[in-house]
Amino acid sequence: VQLVESGGGLVPAGGSLRLSCKTSGRTYNSYTINWFRQAPGKEREFVAGNRLNGDHTNYAYTDSVKGRFTMSRDRAENAVYLQMNSLKLEDTAVYYCGASRRLITSTLRLSSVYDYWGRGTQVTVSS
C-alpha cells in the first residue's frame with residue numbers, strides 16, 4: 001500500500017494550500033483514506049475524514065479547522081484532497097494521509113486504527 005502526499009510548503013498566515021494524497025486504485029477501493037497532522041513534540045491528530053471513501057459529503061473535521069479546511073475525494077484520480085484556507089501559525093505540521101479498512105464512526109479519529117501512512121508533507125505557516 002502506497003500513499004503519496006504532496007502540496008505542502010511555506011505560506012504566510014492567512015494563505016491557502018491544497019494538499020493531495022494519491023494512491024493506487026486497489027488501495028483506494030479497499031481502504032478509507034483520511035487526513036492527520038503532527039506538529040513538533042505533539043501526537044498525530046485527526047484533521048479530516050469520514051468512514052467510507054464512497055462518502056463524498058459527510059466529512060468530520062477537528063474543531064480547530066472547521067470552516068477553514070475542506071476535504072474532498074476523487075475516485076477517478078484515486079486521490080483525496082485537503083483544501084486549507086485562512087491558515088494559522090498553529091496549522092504548522094507534517095500532514096499525513098492514513099488508510100484503514102476498519103473504521104467506524106467512533107474510531108476514525110484514532111491514529112491507532114490506521115494501517116498505512118504516507119511519508120507526509122510539511123506545511124509551515126509563517127507570521
Side-chain angles (χ1 to χ4, degrees):
V1 173
Q2 189 173 23
L3 304 167
V4 181
E5 303 96 336
S6 62
L10 175 63
V11 61
S16 298
L17 285 173
R18 184 178 187 241
L19 306 184
S20 301
C21 172
K22 296 189 176 181
T23 188
S24 69
R26 183 172 182 174
T27 298
Y28 189 90
N29 292 328
S30 301
Y31 294 81
T32 300
I33 301 171
N34 290 325
W35 285 103
F36 283 74
R37 67 185 179 186
Q38 188 165 16
K42 295 187 177 181
E43 294 185 355
R44 192 167 297 188
E45 68 165 346
F46 173 83
V47 175
N50 55 20
R51 193 173 65 86
L52 298 172
N53 271 359
D55 185 350
H56 288 210
T57 57
N58 297 311
Y59 295 105
Y61 296 90
T62 192
D63 287 346
S64 62
V65 309
K66 285 180 181 177
R68 301 187 297 120
F69 290 13
T70 303
M71 180 174 175
S72 59
R73 301 187 188 277
D74 188 335
R75 184 169 185 172
E77 296 292 327
N78 299 318
V80 299
Y81 302 96
L82 187 67
Q83 177 66 43
M84 307 187 298
N85 298 328
S86 302
L87 282 161
K88 302 178 180 180
L89 296 178
E90 53 264 40
D91 295 319
T92 295
V94 178
Y95 284 70
Y96 298 91
C97 52
S100 175
R101 274 183 166 175
R102 47 198 171 107
L103 294 182
I104 59 176
T105 301
S106 62
T107 64
L108 68 90
R109 296 172 185 258
L110 302 177
S111 60
S112 59
V113 302
Y114 288 77
D115 305 300
Y116 298 98
W117 297 94
R119 292 187 175 184
T121 185
Q122 175 71 47
V123 171
T124 302
V125 183
S126 62
S127 59

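Quick note: numbers below take in every heavy atom, side chains included, and nothing from hydrogens, waters or symmetry partners.
- The 12-atom threshold is not exceeded at CZ of Arg75, counting heavy atoms of other residues, nucleotides or ligands nearer than 6.0 Å.
- To the nearest 0.5 Å, atoms OH (Tyr81) and CG (Asp74) are separated by 5.0 Å.
- Summarising the geometry of Tyr31 relative to Ala99, their closest heavy-atom pair is CB-CB, 3.8 Å, with the distance given to 0.1 Å.
- Crowding of Gln2 atom CD: a count of heavy atoms from other residues, nucleotides or ligands under 6.0 Å not exceeding 12.
- Between the side chains of Thr27 and Ser24, at least one donor-acceptor pair of N or O atoms lies under 3.5 Å.
- One finds a salt bridge joining Arg37 and Glu45 here, because a Lys/Arg side-chain nitrogen approaches an Asp/Glu carboxylate oxygen to under 4.0 Å.
- We find the OH-CZ distance between Tyr96 and Phe36 to be 12.5 Å, quoted to the nearest 0.5 Å.
- The distance from atom NZ of Lys66 to atom OH of Tyr59, rounded to the nearest 0.5 Å, is 16.0 Å.
- Screening Asn50, Asn34, Leu19 against Met71 for a side-chain contact (heavy atoms from CB on, under 4.5 Å) leaves a single residue, Asn34.
- Here the CD1 atom belonging to Ile33 is positioned 7.0 Å from the CZ atom belonging to Arg73, to the nearest 0.5 angstrom.
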For this session: Begin from the C-alpha positions of Thr23 and Asn78 and carry the test side-chain hydrogen bond (donor to acceptor under 3.5 Å, both in side chains) through to its verdict.
Result: CA-CA 6 Å; Thr23 188; Asn78 299 318; over 6 Å; no
Exercise. Yes or no on side-chain hydrogen bond (donor to acceptor under 3.5 Å, both in side chains) for Gln122 and Thr124, after CA distance, side-chain angles and deciding distance?
Worked result: CA-CA 6 Å; Gln122 175 71 47; Thr124 302; 3.2 Å; yes
